[in-house]
Q: 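Shown below is the structure under consideration.
If you read the sequence from its start, that first residue is 1, and numbering goes on from there.
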Amino acid sequence: MSGPRRHLLLRAAALLVLASVAAGAAAGRGNNTLNVAFPREVVTLDGLYSNLRENDILSLAVDDVLYTVDPASLLPVPLAALSHKVIDERTIDVELRRGVKFHDGAELTAEDVAYSYAWITDPKSGSNFTRRIAFWLESATATGPYTVRFRMKAPYSMFFYDLVYHSKIRRKGAYHKADGGPDPAAQSLKLNSTGPYRVVEFRPGQRVVLQRFRDYRAGSPKSVARIDNIVIRTIPDWSTQAAEVMSGGIDWTYQVPYEIAEDVAKSGRAVHLSGPSMRIGYVVMDAMGRHQAKNPFTNQKVRQAVNHAIDREAIARRLVRGQAGPLHVPCNPAQFGCSPEARNYEYSPQKARALLAEAGYPNGFEVEFWAARERPIMEAIVNQLAQAGIKATLRYVKNPTLSRARKDNQVVIYYGSSGSFSVPDAGAVMGDKFVPQSDENYTGNPEVGKLVSAALNSYDAAVRRENFRKAIDLIAEQAYWAPVYFYGEEYLLSKEAHFDPPKDGMQRLYLIRWK
């Protein structure tokens, strides 16, 4: 057993007694309360103002939007919506269900929906998803008490998925003060929404308490919820989480490092489950010369050398483990349109060095490699680049710092990651990273953006698949990215909780039940 691993287990054992006291006497099944641990802080209840997976999970429990993704088929199905009618390729009418209640008792109407989308697309809202929705939405107009007309700027194949994950429905006026002034933080600390659970306590960064909403409508895809209360606590330390799961203080947690989850399960006091994820990790290189007009990565052979330098198999199978796997394409192979037939770059430091020499760098070169997550994986990539002759210095920062530096054209090579909001369609990741207007598009090749846009602007599955295939082939041949691996998801559960790891990696707390 390695030193760090032994340290973690010893620390978990030392915390076990303290965790038992903290858990309380009647936690878990005894009082129908699910105790959940999040590794990162929830600082706002409003999912419009956070990109964290923790807020995604919270929103699925407290927010009902117009459509949801069926966890079995992974297709969008009506939620607060009742049905829809396609008027033309740019116009869709959505009819609302009657009797959908906000947590304050008011009924959801078309005016609420129209107000919500007007707010999301308003640049003054400061929403994290303004650009995402305003990119395609021209207007959302109430055409009756329960009908809304969506008018798109162009045909948009991701319409229903964007209604699922990139928007929230609020009561008309929710983001405005009595004097009419905007108030983006209005729902941050006290949320009024429409989901199967309502927030009854919120301590930012520490704790969220949810209670099953008794007026939630029967027949909803989420009406299967059976647990009365959900207590969510922020516990960033994995050994503390492990101790609490073993002691019964926590019933469910996720994103647990594989080695820790595996060892805790061996104690017999917890259950370890491995599941899939839509998240992928990749290295992006400045092929278009945004940072510096003639940086090494404007040369195709240098980019190909980086692809040969990375041992994807070793990273996925030996370092990450679980259901992670090596990645050779700029999307998750489980997504629609993600063609796996693109050119693969086998691990070969020798080929990498030869390509660098052909590109005019026989002695390699020095570069700053930016990253903001999975530090051990980043260190492995930096070491592999060094073996091929690229002397990379790891610049490890927080994600907002990396994002700002990228937007300011200070980054020539970096590690990126996309979970696609668990959307099982290549458009979810490629539409973010390769369309011309994206600040993450480093290709400098208009043909890539043209192909991706053509896939996004068609409803024909065959047309979409073919355009994605051509785009993926071009990205692989030109080596604009060095895809590294697709992630898995590791869960720890109490022995009383039943949870099926979702096929799309989107954690739905309302589906957890007791054995």
Q: Can you name the ring pair (Phe, Tyr, Trp, His ring centres under 6.0 Å) partners of Tyr197, sequence neighbours left out?
A: none
Q: For Asp46, what residues pass the side chain to side chain donor-acceptor pair (under 3.5 Å) criterion, not counting sequence neighbours?
A: Arg170, Tyr175
Q: Tell me every residue that passes salt bridge (charged side-chain N to carboxylate O under 4.0 Å, His left out) with Arg404, counting only those two or more places apart in sequence or in another chain.
A: none
Q: If only side-chain N and O atoms count, and only distance matters, is there a donor-acceptor pair under 3.5 Å linking Ser157 with Arg464?
A: yes
Q: Checking the side chain of Arg198 only, and the main-chain atoms of His103 only, is there a donor and an acceptor separated by less than 3.5 Å?
A: no
Q: For Asp104, give me all partners under salt bridge (charged side-chain N to carboxylate O under 4.0 Å, His left out), at least two apart in sequence or on another chain.
A: Arg171
Q: Can you confirm whether the side chains of Glu89 and Tyr156 place a donor and an acceptor under 3.5 Å from each other?
A: no
Q: Looking at residues at least two apart in the chain, or sitting in another chain, which of them share a side chain to side chain donor-acceptor pair (under 3.5 Å) with Glu490?
A: His272, Ser274
Q: Testing the 3.5 Å rule here: is there a donor-acceptor pair between the side chains of Tyr49 and Ser188?
A: no
Q: Indicate whether the side chain of Arg207 and that of Thr234 have a donor and an acceptor atom separated by less than 3.5 Å.
A: no
Q: How about Thr130 and Ser125: does a side-chain donor come under 3.5 Å of a side-chain acceptor?
A: yes
Q: Got a sec, which pairs hit ring pair (Phe, Tyr, Trp, His ring centres under 6.0 Å) with one end in residues 419-445, sequence neighbours left out?
A: Phe129-Phe421, His166-Phe421, Tyr414-Tyr442, Phe434-Trp481
Q: Among Tyr67, Phe150, Tyr459, exactly one meets ring-ring contact (aromatic ring centres under 6.0 Å, His included) together with Phe159. Which residue is that?
A: Phe150
Q: Ignoring hydrogens and angles, state whether a donor on the side chain of Tyr491 or Gln507 is under 3.5 Å from an acceptor on the partner side chain.
A: yes
Q: Is it true that the side chains of Tyr487 and Glu374 contain a donor and an acceptor less than 3.5 Å apart?
A: yes
Q: Determine, for Tyr146 and Arg98, whether the Lys NZ or Arg CZ falls below 6.0 Å from the six-membered ring centre while staying within 45 degrees of the axis.
A: yes
Q: For a side chain to side chain contact (heavy atoms under 4.5 Å, CB included) with Leu210, tell me which candidate from Ile230, Leu34, Asp228 qualifies.
A: Ile230
Q: According to side chain to side chain donor-acceptor pair (under 3.5 Å), who are the partners of Ser127, at least two apart in sequence or on a separate chain?
A: none
Q: Taking atom types as modelled and ignoring hydrogens, do the side chains of Gln478 and Thr443 form a donor-acceptor contact shorter than 3.5 angstrom?
A: no
Q: Go through the side-chain N and O atoms of Asn32 and Trp514 and say whether any donor and acceptor fall under 3.5 Å apart.
A: yes
Q: Assess the side chains of Glu489 and Ser277: does a donor N or O sit below 3.5 Å from an acceptor N or O?
A: no
Q: The criterion is ring pair (Phe, Tyr, Trp, His ring centres under 6.0 Å); which residues satisfy it with His291, sequence neighbours excluded?
A: none
Q: Is the distance between the ring centroids of Tyr117 and Trp119 under 6.0 Å?
A: no
Q: If only side-chain N and O atoms count, and only distance matters, is there a donor-acceptor pair under 3.5 Å linking Thr298 with Arg290?
A: no
Q: State whether a side-chain donor-acceptor pair under 3.5 Å links Thr240 with Asp237.
A: yes
Q: Just to verify, what does Asp183 make a salt bridge (charged side-chain N to carboxylate O under 4.0 Å, His left out) with, not counting sequence neighbours?
A: none
Q: Side chains of Ser494 and Asp251: is there a donor and an acceptor less than 3.5 Å apart?
A: yes
Q: Within a 6.0 Å radius of atom NZ on Lys450, are there more than 12 heavy atoms belonging to other residues, nucleotides or ligands?
A: no
Q: Quick one: ring pair (Phe, Tyr, Trp, His ring centres under 6.0 Å) partners of His498, sequence neighbours excluded?
A: none
Q: Holding to ring pair (Phe, Tyr, Trp, His ring centres under 6.0 Å), I want the full list of residues that pass it with Tyr480, two or more places apart in sequence or in another chain.
A: none
Q: Identify, with sequence neighbours excluded, every residue that meets salt bridge (charged side-chain N to carboxylate O under 4.0 Å, His left out) alongside Glu54.
A: Arg40
Q: Tell me whether Asn457 contacts the main-chain N or O of Ala454 through its side chain, where contact means a donor paired with an acceptor under 3.5 Å.
A: no
